[in-house]
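Numbers for residues simply follow the sequence, beginning at 1. Here the structure is a predicted model, which means the values were calculated and not measured.
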Amino acid sequence: MHAFSCVEDYRRAARRRLTKLAFDYLEGGAEDGDALRRNRDAFGQWGFAPRVLSDTSQTSSATTFWGREAAAPMAVGPTGLNGLFWPRADELLARAAADAGLPFVLSTASTSLLEDVRAAVPDGELWLQLYVQQDRRIAESMMRRAREAGFRTLMLTVDTPVHGKRDHDTRNGFRLPLRLTPRLVADCMRHPHWSWQMLTGGAPQLRNIAQSVGERADLARHAAMLSRQMDLSLSWDDLSWVRRHWPGEVLVKGILTVDDARQAQAHGADGIVVSNHGGRQLGSTLAPVEVLPTIVDALSASAPAMSVFLDGGVRRGADVAKAVALGAKGVLLGRAPLYGVAARGGQGVAGVLALLLGELRTTMQLLGCASVDALTPQRLARLPSLQTNEAGRANQANPL
């Protein structure tokens, strides 16, 4: 079997296995993909400043989230409609995360029941990502069910009042449920393994929403609820409503400005996720890692203390190290584990997580950091931009 040396190898394998429609749904960003590219490229703005002759013989990437141990400052983040990539993908993602010692965040738009995910990982650290529809009884039901299933942390996502414009889905005719067209039939014939799994495993359904609505699974209806029936009246004051229904930690996901970070802090959130939704919502936004240091500095100047997480563009263990050095408590992994599950199922997710854990520890040792706490801003230096470098070379070649 082909050896995978990095997340990009899994990405290429996922692209070969999935139909174009499914891979574009996994991979694509909003509009022209500017935010998606910026998320990845922004990590390149920072270079490492290693210290040598430091004792790293006992290097550990372990950390804690609210007193609970994790093998690294990482969690497998929430992603929706994962059954499009592999049958029972949410359970496979959760199992691999638990085996790696990492939390798993289940999406409201999951294709497995949260109760089934808990049954798959009775020993796992599970968090719930929550969307709030106009009928808030759906979210209340979701929170109740998650509490009863032993989920510990709630991640309220606030950057999707409407769905972003995704040109790739429009071009591919992506609709739920999938409709057989001549182009899709031809694409399926070129990807027999994926097609066979979809035929034998059944079309993915938004089972959690169906359960909380109290209806039979109906992908078209419940997908429409997510895309057209979000609660546009949701405001900061509604964090008190969330608190009435959720006794554990509450994170607000989708923060990109200092003002909103301070609002979350003032309204009692336990943490935030600096995120632009993987570049899938607003076509031109700053990358989370670009605004992270400013947000961390602003929050550290006032109480109460908050945990700051980040997602978007993480493809290497070195990216995790940079985010932590810039002040993140941890990162959420989005597309990277999906490449794994789309390429090889549960084995693929385990492979991706093992790669990232190994890369993080290697990076720490080469930096001279024996613990996560040693990953500080002093281990980084901002690099001159490519444009600056090119201008400098041009000036050297053509001095005035």
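- Between L93 and P337, the closest heavy-atom pair is CD2-CB, 3.8 Å.
- Put simply, W127 and M142 are part of two different groups of oily side chains (I, L, V, M, F, W, Y) that touch within less than 4.5 Å, one to the next.
- Here S5 contributes atom OG and L355 contributes atom CG; the two are 7.5 Å apart, rounded to the nearest 0.5 Å.
- A distance-only check finds no donor-acceptor pair linking the side chain of D270 to the backbone of L251 [under 3.5 Å].
- M155 and M74 fall into different hydrophobic clusters, where Ile, Leu, Val, Met, Phe, Trp and Tyr side chains are chained together by heavy-atom contacts under 4.5 Å.
- Residues C369 and A374 approach most closely at SG-O, 3.4 Å, considering heavy atoms.
- Using a cut-off of 4.0 Å between Lys/Arg side-chain N and Asp/Glu carboxylate O, D116 and R207 are scored as not salt-bridged.
- Heavy-atom contacts from other residues, nucleotides or ligands closer than 6.0 Å to CZ of R243 number more than 12.
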Worked check of side-chain hydrogen bond (donor to acceptor under 3.5 Å, both in side chains) between D55 and S57: CA-CA 6 Å; D55 183 359; S57 59; 2.7 Å; yes

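- Classification of R152 and E125 as a salt-bridged pair holds, one side-chain N sitting under 4.0 Å from a carboxylate O.
- Contact check for H245 versus R144: no side-chain heavy atoms found under the 4.5 Å cut-off.
- With a 4.5 Å cut-off on side-chain heavy atoms, L81 and L206 count as touching.
- Ionic pairing of R118 and E91 is not present here: no N-O contact between side-chain nitrogen and carboxylate oxygen is shorter than 4.0 angstrom.
- Seen from the ring of F48, K322 counts as a face-on cation partner, given the 6.0 Å and 45° thresholds.
- Using a distance-only test at 3.5 Å, with no hydrogens or angles considered, no donor-acceptor pair links the side chain of T160 to the main chain of H163.
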Derivation and outcome, side chain to side chain contact (heavy atoms under 4.5 Å, CB included), residues L156 and V132: CA-CA 8 Å; L156 177 67; V132 180; 3.8 Å; yes

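- The backbone N or O of T19 lies less than 3.5 Å from no partner atom in the side chain of D187, so there is not a single donor-acceptor pair.
- Residue L360 comes nearest to P73 through the heavy atom pair CD2-CD, 3.8 Å, listed as atom of the first residue, atom of the second, then distance.
- Under the 4.5 angstrom side-chain criterion for Ile, Leu, Val, Met, Phe, Trp and Tyr, L282 has no cluster partners at all.
- Comment: E148 does not engage R145 in a salt bridge, judged by the lack of any side-chain N to carboxylate O separation of less than 4.0 angstrom.
- Atom CG of D32 sits about 7.5 Å away from atom OG of S284, to the nearest 0.5 Å.
- V314 and L332 fall into different hydrophobic clusters, where Ile, Leu, Val, Met, Phe, Trp and Tyr are joined by side-chain heavy atoms under 4.5 Å apart, directly or via other members.
- Using a 4.5 Å heavy-atom threshold, the side chains of F151 and W246 count as touching.
- Between E31 and D34, the closest side-chain pair of non-hydrogen atoms is not below 4.5 Å.
- For the pair E27 and R15, the salt-bridge criterion is not met [side-chain N within less than 4.0 Å of a carboxylate O].
- By the neighbour-count criterion of 12 heavy atoms within 6.0 Å, atom CZ of R137 is sparsely surrounded, having that number or fewer from other residues, nucleotides or ligands.
- At a cut-off of 3.5 Å, with distance as the only test, no side-chain donor of N276 or D159 sits close to an acceptor on the other residue.
- The aromatic ring centroids of W241 and W236 lie 6.0 Å or more from each other.
- Across A261 and I272, no two heavy atoms sit closer than the pair CB-CD1, 3.9 Å.
- Side chains of L380 and L326 form a contact here, defined as non-hydrogen atoms less than 4.5 Å apart.
- Scanning both residues, K253 and P78, for their nearest heavy atoms gives CE-CG, 4.2 Å.
- When atom types are taken as modelled, the side chain of R38 and the backbone of G33 share no donor-acceptor pair closer than 3.5 angstrom.
- Between F65 and F309, the distance separating the two ring centers is shorter than 6.0 angstrom.
- Using a 4.5 Å heavy-atom cutoff, the side chains of L126 and L106 are not in contact.
- Residues forming a side chain to side chain donor-acceptor pair (under 3.5 Å) with R136 (at least two apart in sequence, or on another chain): D231, D238.
- Counted by atom type alone, E249 and T153 present one or more donor-acceptor pairs between their side chains at under 3.5 Å.
- For the residue pair S371 / D373, no side-chain donor-acceptor distance below 3.5 Å is found, with atom types taken as modelled.
- Grouped with L366 in a hydrophobic cluster is no other residue, since no side-chain heavy-atom contact under 4.5 Å to another Ile, Leu, Val, Met, Phe, Trp or Tyr is found.
- Both F43 and L286 are assigned to one and the same hydrophobic cluster, defined by single-linkage of ILVMFWY side chains at heavy-atom distances under 4.5 Å.
- S195 contributes a side-chain N or O that, together with a main-chain N or O of C188, makes up a donor-acceptor pair within less than 3.5 Å.
- Side chain of R379 to main chain of A49: no donor-acceptor pair is present (N/O by atom type, distance under 3.5 Å, no hydrogens or angles).
- Side chains of L84 and W194 form a contact here, defined as non-hydrogen atoms less than 4.5 Å apart.
- In this structure, L333 CG and L353 CG are separated by 6.5 Å, a value rounded to the nearest 0.5 Å.
- Judged by a 6.0 Å distance limit and a 45° cone about the ring axis, R335 is not positioned over the six-membered ring of Y10.
- In this structure, R382 is positioned above the aromatic face of W46, its NZ or CZ under 6.0 Å from the six-membered ring centre and within 45° of the axis.
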Test log, rule salt bridge (Lys or Arg N to Asp or Glu O under 4.0 Å), inputs R95 and D99: CA-CA 6 Å; R95 182 71 264 165; D99 289 345; 3.0 Å; yes

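- One finds the CZ atom of R344 at 14.5 Å from the CG atom of L92 (value rounded to the nearest 0.5 Å).
- For the pair L239/V252, a side-chain contact is recorded, criterion being any heavy-atom separation below 4.5 Å from C-beta on.
- The distance from atom CZ of R11 to atom CZ of R16, rounded to the nearest 0.5 Å, is 11.0 Å.
- Q265 places a side-chain N or O within donor-acceptor distance of the main-chain N or O of S302, the cut-off being under 3.5 Å.
- Under 4.0 Å is where a charged nitrogen must lie from a carboxylate oxygen, and between D24 and R171 no such pair does.
- Interatomic distance, OG1 of T108 versus CG of L130, reported as 4.5 Å (0.5 Å rounding).
- Judged by distance alone, with hydrogens and angles left aside, the side-chain atoms of T111 form a donor-acceptor pair with the main-chain N or O of G83 at under 3.5 Å.
- For R361 against S61, the heavy-atom pair with the smallest separation is NE-OG, 3.2 Å.
- R12 has a carboxylate O that lies under 4.0 Å from a charged side-chain N of E8, or vice versa, which qualifies the two as a salt bridge.
- Side-chain N/O atoms of S300 and D297 include no donor and acceptor closer than 3.5 Å.
- At a threshold of 4.0 Å, the pair E359-R316 counts as salt-bridged, since one of the basic side-chain nitrogens sits closer than that to a carboxylate oxygen.
- Listed for the K329 side chain is a donor-acceptor partner under 3.5 Å among the backbone atoms of T64.
- Checked against a 6.0 Å centroid threshold, the rings of H191 and W196 do not count as neighbours.
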Worked check of salt bridge (Lys or Arg N to Asp or Glu O under 4.0 Å) between D167 and K165: CA-CA 6 Å; D167 295 351; K165 185 175 185 295; 2.5 Å; yes

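- Under the 4.5 Å side-chain heavy-atom criterion for Ile, Leu, Val, Met, Phe, Trp and Tyr, L154 and V121 are members of the same hydrophobic cluster.
- A donor-acceptor pair under 3.5 Å is absent between the side-chain atoms of Q129 and the main chain of V105, judged by distance alone.
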